[in-house]
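Counting convention: from 1, in listed order, for ligands and their atoms alike.
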Amino acid sequence: MASPAQTITTLLEPAFAALSEGSDPMLRPSSRPGFDFQVNGSIALAKKLGRRPQEIATLVTSGVELKEVCDSVEVTPQGFVNLRMDDNFLASCVSEVAADPRLGVETAANPLTVVVDYSSPNVAKEMHAGILRTTVIGDCLCLLLEHVGHRVIRENHVGDWGTQFGMLIEYLLDLGEAEGAHELSVGDLDGFYRRARAAFDASPDMQERSRRRVVALQSGDPETLRLWGILVDESVVYFEDVYAKLGVKLTRADIVGESFYNPTLAQVVAELDEKGLLVESDGAKCVFVDGWTSREGEPLPLIVQKSDGGYGYATTDLATLRDRFGRLGADLAVYVVGAPQAQHFAMCFAVAAEAGWLPSLERAVHVAFGSVLGADRKMFKSRAGATFKLVDLLDEAVQRAGDAVSARSLELGEAERASVARMVGIGAVKYADLSTDRLRDYVFDLDRMVSFDGNTGPYLQYARVRCLSIFRRAGLDPADYLGGELTIQVGHPAERDLALALTGFGAATSAAVESWSPHKLCAYLYDLAGLYTTFFENCPVLKAPDEETKSSRLALCALSAAVLGQGLSLLGIESPERM
Ligand code: ARG
């Protein structure tokens, strides 16, 4: 299904191509009242051909039959072309979206198998605010990919291996297994880690035991593995709690932790050796990557085996690439990890490509993101200086949302109020994260997040509830106004603007997937909610002048609710029916 913008672009393209192969009409939304689109491409084309922009603009528009789709075409002296769509054309486009169960979102012509690595918290470490970003962005990207028809494999690369486990296991033994397991499963992960660290620092005996324990762990001693398993399992119990609270789709089955790759690491290094990529440097086995140098200008190695024989984070990530493109048959591997790890991934991708594990560099993507900051614009910390616990933030968000909901709608029963509070509170936190360009940092500000005004989750949820309340008041079912029985008409400017926006859901969704940028979908939905408000304030629906207008406007309301609901659900945000 083509949107109006696509249809018009397709009409203009041959006229541009006739003057110069591959030139682009550059159709953009118009900012001029009375017009819908602006064609900017004549300027660049004129420059290229050494002619006047206005002349080119006249040439391309006169050669094209736009009558069916535009009722006003204006060439400006600067060479822009302003277009206003024909009402009937717009009406038929928006009616088509209303008739489409997918609301204009097309499915990929080429469905891919995409492995998405996200969340990936560390065992026996607190889930901090950064985990919120990877978890929420990763989950949204999976939902988007699946919705456009790709096959998604979720991989939660839990940090469950490393030398710190010697110390953690010894501390677990000192504490007593039952007591230690309890501390972890109730979520005192940071406390556990800190106390283990303190015990380690204070006691040479503990240090010696920890060292021996690491050796036992690495050599696969069954009792040590059992104790390690307790640490992992109890932490995972806690992670699952947080996932349930967040309402993300990660399960235990998606956990493919660092330890999973242990048996393959020697092979990874051996293959690098066979391919002649290994270089010994200070006893460590390294791969030097073209184009990577240290700050001092020295070639920068990726260390794959340390001089003591141990493997590191990079070796494991080479193994993830080898596994994902090999065993899992991935077409694309996506890593949703903070921006500070950009160099790590760039180097791993380059080495994996050289080794032939990664078919080409475009097939691996590091979806990086910025930090969550406190009100002081520093890394998000609690007043005591410790990292904030994600669960505490979520609980507080739900609580504030509950207060806000109670203050607004008194008629909700206790159970519904609690469920709405959860949807609004969690939705608010997720939306604040997703609506920020992922590469930017943002300040974690609960007051702003749960506000019903501005570009927030609750604002969008409420916009949808307002669309639906018209139907409730009139005893009608919005489903009766979708699915193609009805032709939507457009007349009033607010009606036109809303209709045009509703035809853009497909493009907004593709743009978000293609650039791994949920904020593009958020911006679209926010815009749509604003246009709905203007429509609602200017165009009477139940009191429309005639029956035809009334049902057409009801269809616009139903479609607005459907697009807002579907859009929020693709962001991983639930929508209450009332609030
Ligand atoms: N656990 C890691 C950390 O906390 C993130 C892992 C990301 N995924 C990966 N394949 N490296 O930094």
* Asked: Among all protein non-hydrogen atoms, which one is nearest to atom 9 (C) of ligand 1, and what is the separation to 0.1 Å?
  ->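 Sorting protein heavy atoms by distance from atom 9 (C) of ligand 1 puts His157 CD2, 3.3 Å first.
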* **Nearest non-hydrogen protein atom, atom 8 (N) of ligand 1** =>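 The protein heavy atom lying closest is Asp117 OD1, 3.1 Å.
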* **Tyr459 side chain to Asp453 side chain, donor-acceptor N/O pair below 3.5 angstrom** =>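 Note: Tyr459 and Asp453 side chains miss the donor-acceptor criterion.
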* Can you tell me if Tyr118 and Asn156 form a side-chain donor-acceptor pair at under 3.5 Å? ->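 Not at all, the side chains of Tyr118 and Asn156 share no donor-acceptor pair under 3.5 Å.
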Atoms of ligand 1, numbered as shown, that sit under 4.0 Å from any heavy atom of [X]:
{"X": "Phe345", "answer": "9 (C), 11 (N)"}
{"X": "Tyr335", "answer": "10 (N)"}
{"X": "Val337", "answer": "7 (C), 8 (N)"}

Considering both backbone and side-chain atoms of [X], is one of its nitrogen or oxygen atoms within less than 3.5 Å of a nitrogen or oxygen in ligand 1?
{"X": "Ser120", "answer": "yes"}
{"X": "Asp317", "answer": "yes"}
{"X": "His344", "answer": "no"}
{"X": "Glu258", "answer": "no"}

* Asked: When you look at Gln343 and Trp292, which way does the side chain to side chain donor-acceptor pair (under 3.5 Å) test go after all the steps?
  -> CA-CA 9 Å; Gln343 172 171 319; Trp292 287 97; over 6 Å; no
* Heavy-atom pair with the smallest gap, counting every atom of Thr113 and Gly329 ->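 The answer is CB-O, 3.8 Å.
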* To do: Have a look at ligand 1 and work out which part of Asn122, if any, has a heavy atom under 4.0 Å from it: side chain, backbone, both or neither.
  =>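 For Asn122, the contact with ligand 1 is made by the side chain alone.
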* Between Tyr261 and His157, is a ring-ring contact (aromatic ring centres under 6.0 Å, His included) present by the stated rule, with each step listed? -> CA-CA 10 Å; Tyr261 301 93; His157 192 68; 5.6 Å; yes
* Asked: For the rings on Tyr171 and Phe165, is their centre-to-centre separation under 6.0 Å?
  ->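 Ring-ring flag for Tyr171/Phe165: false, centres at least 6.0 Å apart.
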* Asked: With a 4.5 Å heavy-atom cut-off, do Lys249 and Leu143 have their side chains touching?
  ->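 Side-chain contact under 4.5 Å: yes.
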* Asked: Is the closest heavy-atom distance from Gln341 to ligand 1 below 4.0 Å?
  ->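 Distance cut 4.0 Å: Gln341 passes for ligand 1.
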* Relative to atom 5 (C) of ligand 1, which among Tyr118, Tyr261, Tyr313 owns the nearest non-hydrogen atom? ->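 Ranked by closest heavy atom to atom 5 (C) of ligand 1, first place is Tyr313.
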* Within the distance-only criterion (no hydrogens, no angle test), does the side chain of Thr316 pair as donor or acceptor with the backbone N or O of Gly312 below 3.5 angstrom? ->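 Pair found, side chain donor or acceptor close to backbone of Gly312.
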